[in-house]
Amino acid sequence: MAADPSRADIPSIAERARPIAAGAPISGVHFLDRTAVFVLGEEALLFVDHAQARRVPVHAGAILAAASDGARVVTGGDDGKVVATGADGDSAPVASDARRRWIDHVAARADGTLAWSAGKQAFARTAKGEERVWEAPSTVGGLAFAPKGLRLAVGHYNGATLWFPNAADTAPEFLEWKGSHLDVTFSPDGRFLVTAMQEPTLHGWRLSDRRHLRMSGYAAKVRAMSWSAGGKWLATSGAGQLVLWPFQGKDGPMGKAPRLLAPSGKRVVTVACHPGQDVVAAGYEDGLVLLVRVDDGAEVLAKRPGAAPVSALAWSAEGSVLAYGTEDGEAAIIDLGGGREQ
Amino acid sequence: MSDKVPVTVLTGYLGAGKTTLLNRILSEPHGQKYAVIVNEFGEIGIDNELVVGAEEEVFEMNNGCVCCTVRGDLIRIIDGLMRRKGRFDAIIVETTGLADPAPVAQTFFMDDAVGRKTKLDAVVAVIDAMWVKDRLKDAPEAKNQIAFADVILINKTDLVSEADLREIEARIRGINPYARLHRSERANVPLHEVLRRNAFDLERILDLEPAFLEGGDPHDHAHDASPHEHAGLSHYHDEDMQSLALRTDKPLDPDKFLPWMRDLVAKEGPSILRLKGIVAFKDDPERFVLQGVHMILDGDHQRPWKEGERRESRLVFIGRNLPEDNIRQGFEACVA
């Protein structure tokens with residue numbers, strides 16, 4: 001694949017983008033059905049559907065974390081609050097930290113269970129409203145629900161822990177690996193847990209036998225991870241190209257090299273895999289967004305480079321709409337119509 | 001590049017006056033807004049939504065080097081604060097009395113997200129004039145903080161005699177001859193002497209002359225440089241913390257110097273708290289400047305040598321049990 005950094009000759013859907021006047025830096029985007037919900041740096045969510053953009057205030061300060069279960073967007077703020085906002089834009093407080101500590105991380109599960117963390121404490125609340133707390137050995141670096149069973153993975157210093165909030169008599173399982181573990185993610189089949197570390201590397205465990213997976217070679221800390229349809233690939237940021245680790249076989253990426261696509265002089269900072277096809281949207285630090293086909297590396301331009309790094313990328317659940325946002329508040333929606341990419 | 005938010009790190013033993021200084025910074029009308037990361041909530045008397053409590057968490061990096069440590073709490077908090085960028089002009093990090101300043105400083109060089117959005121401005125140590133001599137005996141942290149500092153505030157000077165003050169200054173100079181020294185009561189130093197110092201800016205590496213001559217006169221502590229004062233100072237040599245200054249008029253060979261530096265910090269990094277240098281390379285029209293914290297080195301060409309400027313290479317180290325002869329010989333071997 002010729003690596004033309006200007007991407008002058010590749011097919012483009014950039015001109016089909018419908019720009020959104022966000023008016024504020026964007027830190028993430030989630031889809032609730034076909035409504036794109038942009039997470040602003042401070043205070044509000046921006047709901048964008050066919051007709052209009054609507055600002056929904058959710059926090060009294062910075063929004064530090066956001067997650068979605070497809071029905072709600074859950075946010076954590078520096079006001080110490082956890083807020084859940086539904087597709088209609090109605091938001092409801094979920095929790096309020098007694099000491100008004102920052103809510104650093106949130107996670108949402110399709111059955112309505114929510115999790116969040118403040119400092120070393122990880123909290124889980126079931127759909128029935130039962131709240132549990134677990135004290136991590138150090139500040140929580142990231143949270144993720146397992147795809148099956150009520151298990152919450154907590155990333156922290158020197159490892160990650162699997163916590164079972166509903167089983168008080170089941171001891172949390174500690175997975176050890178030296179260093180500071182931040183974001184955590186389960187493979188969609190639940191066989192692997194992967195963490196992004198403070199160092200420019202990923203670590204993983206095969207949960208059946210706790211064998212280690214080491215995924216290194218990055219130029220920068222990995223801030224974004226996304227599983228491709230069916231969990232065949234783990235797409236990641238952190239390098240001057242899109243890095244995809246193969247998880248097809250029973251050993252995952254053990255002893256295998258990653259697939260490297262869409263090279264650029266700039267780093268990939270955001271990734272979002274298409275929900276149905278092996279296509280990845282990759283956002284770069286110079287504002288470029290490319291759609292990259294995993295099979296052959298073919299690229300489609302979705303956004304030309306701009307003034308700021310791409311900070312938000314998401315596909316609608318059925319894969320026909322792509323939303324992106326940048327650190328300086330540039331945002332748009334691209335309707336691909338019927339799920340075709342090109 | 002210059003839109004990076006400057007960060008001032010405040011160190012000092014418990015009770016030395018960090019909180020007094022912080023309260024002054026937050027309450028005086030200087031037109032600047034500060035976000036403050038404090039280690040003990042509630043001590044700050046100012047109601048400010050940008051005051052954030054931190055629990056110090058030092059993380060070792062997985063690169064086999066014990067001195068490559070960062071402050072995980074700072075990475076997390078700065079990342080969160082930067083979502084409110086535009087609501088403050090600068091950040092102040094208060095550390096606990098027992099804190100090692102190195103992981104704080106290293107965070108700005110080792111974390112790319114922090115380094116992209118903020119820059120370390122200076123490390124300021126607040127020293128209690130009444131107790132510093134005791135602390136130098138019983139608290140290695142206190143010595144570390146002095147050795148590491150760019151600016152040192154000798155506070156509570158009203159509680160000790162002038163003779164005591166001179167001895168304190170001499171002891172501090174014995175550990176760190178390069179920091180700016182100020183005397184204060186109730187932390188009443190002009191704030192511009194503490195904030196926006198650019199001490200970690202490669203563009204501003206100028207202060208490589210030992211500052212023995214400052215601080216002679218209690219009534220003009222900022223810029224007293226009368227040479228006769230020097231004679232009145234006794235020299236102290238700290239038994240385990242030293243500074244080392246090297247200089248040469250002979251141009252250096254970059255192909256020898258740079259590998260030597262890298263090798264030196266890789267081997268001796270744990271002993272080196274701070275290093276700074278200005279280097280004249282052979283046939284190079286530009287000054288090369290560098291600075292380091294333990295194993296981290298940052299260096300770049302700064303500017304062309306000026307007409308008539310003395311092309312001299314200077315390197316200063318502050319560290320613990322520095323292998324002085326070894327460093328000297330290595331430096332001399334870099335002559336082109």
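Letters A, B, ... are given to chains in the order of the sequence lines, protein chains preceding strands, and every chain is numbered from 1. This structure is a prediction, so every number in the text was calculated from the model and none was measured.
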Given A:Val106 and A:Leu143, is the side-chain contact (heavy atoms from CB on, under 4.5 Å) satisfied, shown in steps? CA-CA 7 Å; A:Val106 294; A:Leu143 297 170; 5.8 Å; no
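Taking CZ of B:Phe317 as the start and CD of B:Glu268 as the end, the distance is 10.0 Å to the nearest 0.5 Å. A distance of 12.0 Å separates CZ in A:Phe38 from CZ in A:Phe47, rounded to the nearest 0.5 Å. Interatomic distance, B:Asp150 CG to B:Thr8 OG1, rounded to the nearest 0.5 Å: 10.0 Å. Between the CG atom in A:Leu202 and the CE atom in A:Met215 there is a gap of 5.0 Å [rounded to 0.5 Å]. Here the CZ atom belonging to B:Arg196 is positioned 7.5 Å from the CG atom belonging to B:Asp121, to the nearest 0.5 angstrom.
Heavy atoms of B:Ile77 lying under 4.5 Å from chain A belong to its backbone as well as its side chain. Using a 4.5 Å cut-off between heavy atoms, A:Ala24 does not touch chain B at all. In this structure, chain B has no heavy atom under 4.5 Å from any part of A:Leu40.
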Using only distance, no hydrogens or angles, which N or O donor-acceptor pairs sit under 3.5 Å between chain B and chain A?
from	atom 1	to	atom 2	distance (Å)
B:Glu57	OE1	A:Thr139	OG1	2.6
B:Glu57	OE2	A:Thr139	N	2.8
B:Glu57	OE2	A:Thr139	OG1	3.3
B:Glu60	N	A:Tyr157	OH	2.8
B:Asn62	N	A:Glu199	OE2	2.5
B:Asn62	ND2	A:Lys178	O	2.5
B:Arg76	NH1	A:Asp104	OD1	2.9
B:Arg76	NH1	A:Asp104	OD2	2.8
B:Asp79	OD2	A:Arg223	NH2	3.3
B:Arg83	NH1	A:Ile63	O	3.0
B:Arg84	NE	A:Glu42	OE2	2.7
B:Arg84	NH2	A:Glu42	OE2	3.0
B:Arg87	NE	A:Glu42	OE1	3.2
B:Arg87	NE	A:Glu42	OE2	2.5
B:Arg87	NH2	A:Glu42	OE1	3.4
B:Arg87	NH2	A:Glu42	OE2	3.3
B:Asp111	OD1	A:Gln198	NE2	2.8
B:Asp111	OD1	A:Lys221	NZ	2.5
B:Arg116	NH2	A:Glu327	OE2	3.2

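Residue pairs that meet the ring-ring contact (aromatic ring centres under 6.0 Å, His included) test with at least one member in residues 3-35 of chain B, sequence neighbours left out, are B:His30-B:Tyr34.
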